[in-house]
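Each ligand, and each atom within it, is numbered from 1 in the order the structure gives.
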Amino acid sequence: MSAVIVAIDGPSGTGKSSTSKAVAAALGLSYLDTGAQYRAITWWMLTNGVPVDDAEAVAAASGKPVIVSGTDPAAPAISVDGADASGPIRTQEVTAAVSAVSAVPEVRTRITGLQRSIAAEAAGGIVVEGRDIGTTVLPDADLKVFLTASPEARASRRSGELKGKEATDLSTTREALIKRDEADSSRKASPLKKADDAVEVDTTELTLDQVVECVVTLVEKAAAEKSRGAGPAEAATVNEKAGQISK
Ligand SMILES: Nc1ncnc2c1ncn2[C@@H]1O[C@H](COP(=O)(O)OP(=O)(O)O)[C@@H](O)[C@H]1O
Ligand SMILES: Nc1ccn([C@H]2C[C@H](O)[C@@H](COP(=O)(O)OP(=O)(O)O)O2)c(=O)n1
């Protein structure tokens with residue numbers, strides 16, 4: 001298969017991470033979780049006493065942390081200043097602060113640069129998941145997928161994950177998720193947005209396996225088109241369960 005660059009974007013809980021890891025593992029591609037990078041810089045700000053609501057203070061500190069992302073889909077890894085950050089970046093404290101930090105243009109410039117160099121070094125191809133990969137970070141990606149799901153489905157998936165850890169009720173999870181989507185979609189710098197040429201997949205009624213199967217098929221098609229020298233796939237909306245493809 002040709003080395004393809006795949007951008008997977010969408011709001012929280014639509015299945016970006018699970019789908020991207022599984023697709024990358026199935027097709028032998030590298031994998032990058034860009035949300036983990038924004039979480040990592042946010043965690044560094046919090047642990048170093050930078051007031052996260054002060055955009056100037058965040059901007060001034062944005063060049064300081066050294067963030068290193070692993071790209072193996074079987075063992076996603078992220079470190080900050082040499083320390084493993086994969087656990088601490090998932091706390092609710094980080095989740096509550098990450099939208100403010102990631103809205104700061106200096107933070108985005110820094111992290112976007114990191115993402116582009118990781119993608120450029122992935123000789124065998126890569127799946128990059130986030131919010132602005134198809135629109136801003138990798139606008140020339142061979143395939144762009146935009147995952148969606150109803151707020152109810154997303155909240156129930158998220159609260160299923162939090163059970164036993166930092167348990168919250170469903171409505172609290174739903175409110176927090178909607179608030180974060182709004183913040184991520186309304187910021188000036190590179191907001192969460194579907195690229196015009198992205199394929200939209202509504203995962204509300206699909207199992208994770210069905211979503212993975214659908215995206216694997218789309219990647220294989222994009223790789224075949226690339227090796228034939230054709231352009232990126234046309235924008236479409238896929239509803240795999242109903243067996244329909246509409247444009
Ligand atoms: N299609 C799906 N159906 C049911 N659960 C799903 C589906 N896709 C993902 N999940 C589950 O929902 C949770 C959030 O998925 P995740 O991949 O982390 O989403 P995102 O990266 O978009 O925030 C995970 O626990 C995952 O296993
Ligand atoms: N490309 C990206 C990826 C994430 N972000 C920001 C906005 C998101 O709310 C946070 C956290 O992203 P992450 O993908 O870890 O969030 P969820 O898994 O959906 O909870 O980072 C971003 O601004 N741009």
Within the 4.0 Å heavy-atom shell around Ser12, which atoms of ligand 1 are there? 23 (O)
On a heavy-atom basis, which atom in Arg90 and which in Ala36 lie closest, and how many Å separate them? NH2-CB, 3.8 Å
Kindly confirm or rule out an N or O of Leu206 lying under 3.5 angstrom from an N or O of ligand 1. yes
Closest approach of Asp9 and Asp132, non-hydrogen atoms and distance? OD1-N, 3.2 Å
Considering non-hydrogen atoms only, spot the tightest contact between Ile78 and Ser69 and give its length. CD1-OG, 3.8 Å
Under a 4.0 Å heavy-atom cut-off, which residues neighbour ligand 2? Ser12, Lys16, Thr34, Gly35, Tyr38, Arg39, Arg90, Val98, Ser99, Ser102, Arg108, Gly130, Arg131, Asp132, Ile133, Arg158, Arg180, Asp184, Arg187
Can you tell me if Gly10 contacts ligand 1 (heavy atom of the residue under 4.0 Å from the ligand)? no
Please report which non-hydrogen protein atom sits nearest to atom 24 (C) of ligand 1, along with the residue it belongs to and the distance in Å to one decimal place. Glu161 OE2, 3.1 Å
Write down the atom of Gly125, the atom of Ala3, and the distance for their closest heavy-atom approach. N-CB, 3.7 Å
Closest to atom 4 (C) of ligand 1 among protein heavy atoms sits Arg157 NE, 3.6 Å
I'd like to know if Arg158 contacts ligand 1, where contact means a heavy-atom distance under 4.0 Å to any ligand atom. yes
Test item: Val128 and Ile118 side chains (from C-beta on) under 4.5 Å apart, heavy atoms: no
Does Arg187 reach the main-chain N or O of Ser190 with its side chain, forming a donor-acceptor pair under 3.5 Å? yes
Between Ser102 and Tyr38 (side chain of the first, backbone of the second, donor and acceptor by atom type, cut-off under 3.5 Å), is there such a pair? no
Can you check whether Pro65's main-chain N or O pairs, donor with acceptor, with Asp81's side chain at less than 3.5 Å? no
With the threshold set at 4.0 Å, does a side-chain nitrogen-carboxylate oxygen contact exist between Lys16 and Asp33? no
Sequence neighbours excluded and cut-off under 3.5 Å, please list the side-chain donor-acceptor pairs for residues 49-61, or say none.
{"from": "Asp54", "atom 1": "OD1", "to": "Glu56", "atom 2": "N", "distance (Å)": "3.1"}
{"from": "Asp54", "atom 1": "OD1", "to": "Ala57", "atom 2": "N", "distance (Å)": "3.1"}

Would you sort out whether Asp181 and Ser12 count as a side-chain contact (heavy atoms from CB on, under 4.5 Å), showing the intermediate values? CA-CA 7 Å; Asp181 288 350; Ser12 182; 4.3 Å; yes
Below 4.0 angstrom from a heavy atom of Gly15, which ligand 1 atoms are there? Numbered from 1 as shown, please. 8 (N), 9 (C), 15 (O), 16 (P), 17 (O), 19 (O), 20 (P), 22 (O)
Regarding ligand 1, does Thr19 bring an N or O atom to under 3.5 Å of one of the ligand's N or O atoms? no
List ligand 1 atoms under 4.0 Å from Lys16, heavy atoms only on the residue side. 17 (O), 19 (O), 20 (P), 21 (O), 22 (O), 23 (O)
Return the residue, atom name and 0.1 Å-rounded distance of the protein heavy atom closest to atom 15 (O) of ligand 1. Ser18 OG, 3.5 Å
contact_flag Pro11 ligand 1 heavy-atom lt 4.0 Å: yes
What protein heavy atom sits nearest atom 21 (O) of ligand 1, and how far away is it? Ser17 N, 2.9 Å
